[in-house]
Amino acid sequence: MGQAMVRGLVIKSVYPQNITVFDVDAKKLNALKKETHIRLAKSNRQCVSLSDIVILAVKPQILREVIEEIASSLDPNCLVISIAAGMPIARIEQFFKKPVSVIRVMPNMPALVLAGMSAFSLGKHANQRHRKIAEAVLSAFGEMEQVPEKMLDLVTAVSGSGPAYFFLLAEKLIEAAYESGMKVDVAKRLVYQTAFGSGKVMLESREDPEVLIERVASKGGTTEAALKVYQKQGFGKSVHDAVKAAFKRSREISQGK
Ligand SMILES: NC(=O)c1ccc[n+]([C@@H]2O[C@H](COP(=O)([O-])OP(=O)(O)OC[C@H]3O[C@@H](n4cnc5c(N)ncnc54)[C@H](OP(=O)(O)O)[C@@H]3O)[C@@H](O)[C@H]2O)c1
């Protein structure tokens, strides 16, 4: 995720020498430097001391350790952006043991191809200037939406886990095509382009899915025959139940369970 953010920022014309990165994995760091010409720091502390916007892109389990390491090197005017899933802003603020402007972000995996969807919430010391900075950073790898923090668990269940739901549908379509006699590579090509095209239609038309479905499904046709099977076998209910399960799990993780 950190790499995706760096790539997005560089593509968006942030001067690479204005981006300083540290990671415990030196191999990853050197490869990223070679590709993007960013500056490397020798430690988390050095990285933070050279920065006025700090992005924390480590796993939630080690966030506390990293914050305790950097807290004393952080300028009081710094904005801290955390993308750690399930780590509440209040805990991040607590780890710093001093007032810090924090913005918590829930990005998603398509950020890797600069087509991510992020939701973000402001901490109690973050102001509208910080919000604008966060929006500029997040727009480098996709779209964003500000939400109250209590909504972030649901965001995780919808757009955070969401790419996997679409990938599952793609997998099943490819399997079904193969079972009915199509070569896997041909099925894959058909399904991937169909997914891309359908996403583009949704984004460009902004129509409700129901309206778009009506445009594809003519009376007595093939799509209608397929949709009847989905309906009969409870496709809608399984999607609702799956999102509820992800939402419940996200709340548990946020509560440290
Ligand atoms: N991946 C997603 O789709 C996704 C979606 C939403 C949110 N997130 C959040 O994004 C964050 C990063 O996730 P990710 O999937 O990008 O994880 P990742 O690939 O493991 O990246 C984290 C990087 O931090 C490095 N690291 C470990 N300890 C460190 C330390 N003490 N100081 C500096 N760097 C350290 C890791 O190195 P090693 O590999 O050597 O440990 C790794 O290169 C997580 O908090 C996750 O919850 C991810």
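Counting starts at 1 for both ligands and their atoms, following the listed order.
Partners of E171 under the side chain to side chain contact (heavy atoms under 4.5 Å, CB included) rule, at least two apart in sequence or in another chain, are L168, E175. Remark: Y165 engages no residue in a ring-ring contact (aromatic ring centres under 6.0 Å, His included) (not counting sequence neighbours). Among residues two or more places apart in sequence or in another chain, the side-chain hydrogen bond (donor to acceptor under 3.5 Å, both in side chains) test is passed with H125 by none.
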Please evaluate residues L154 and M151 with respect to the criterion side-chain contact (heavy atoms from CB on, under 4.5 Å), reporting the C-alpha separation (whole Å), side-chain torsions for both, the decisive distance (0.1 Å), and the verdict.
CA-CA 5 Å; L154 188 51; M151 192 61 76; 3.9 Å; yes

Tabulated below should be the N or O atoms of ligand 1 paired with protein N or O atoms at under 3.5 Å; can you produce that?
residue, atom, partner, partner atom, Å
ligand 1, 15 (O), K59, NZ, 3.4
ligand 1, 16 (O), M1, N, 2.9
ligand 1, 17 (O), K59, NZ, 3.3
ligand 1, 32 (N), N44, ND2, 3.0
ligand 1, 37 (O), D23, OD1, 3.3
ligand 1, 39 (O), K28, NZ, 3.1
ligand 1, 43 (O), D23, OD1, 3.2
ligand 1, 43 (O), D23, OD2, 2.6
ligand 1, 43 (O), K28, NZ, 2.5
ligand 1, 45 (O), V58, O, 2.6
ligand 1, 47 (O), A85, N, 2.9

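Closest heavy-atom contact between S159 and P163: O-CD, 3.2 Å.
In this structure, E224 pairs ionically with K219, as a charged nitrogen and a carboxylate oxygen lie closer than 4.0 Å.
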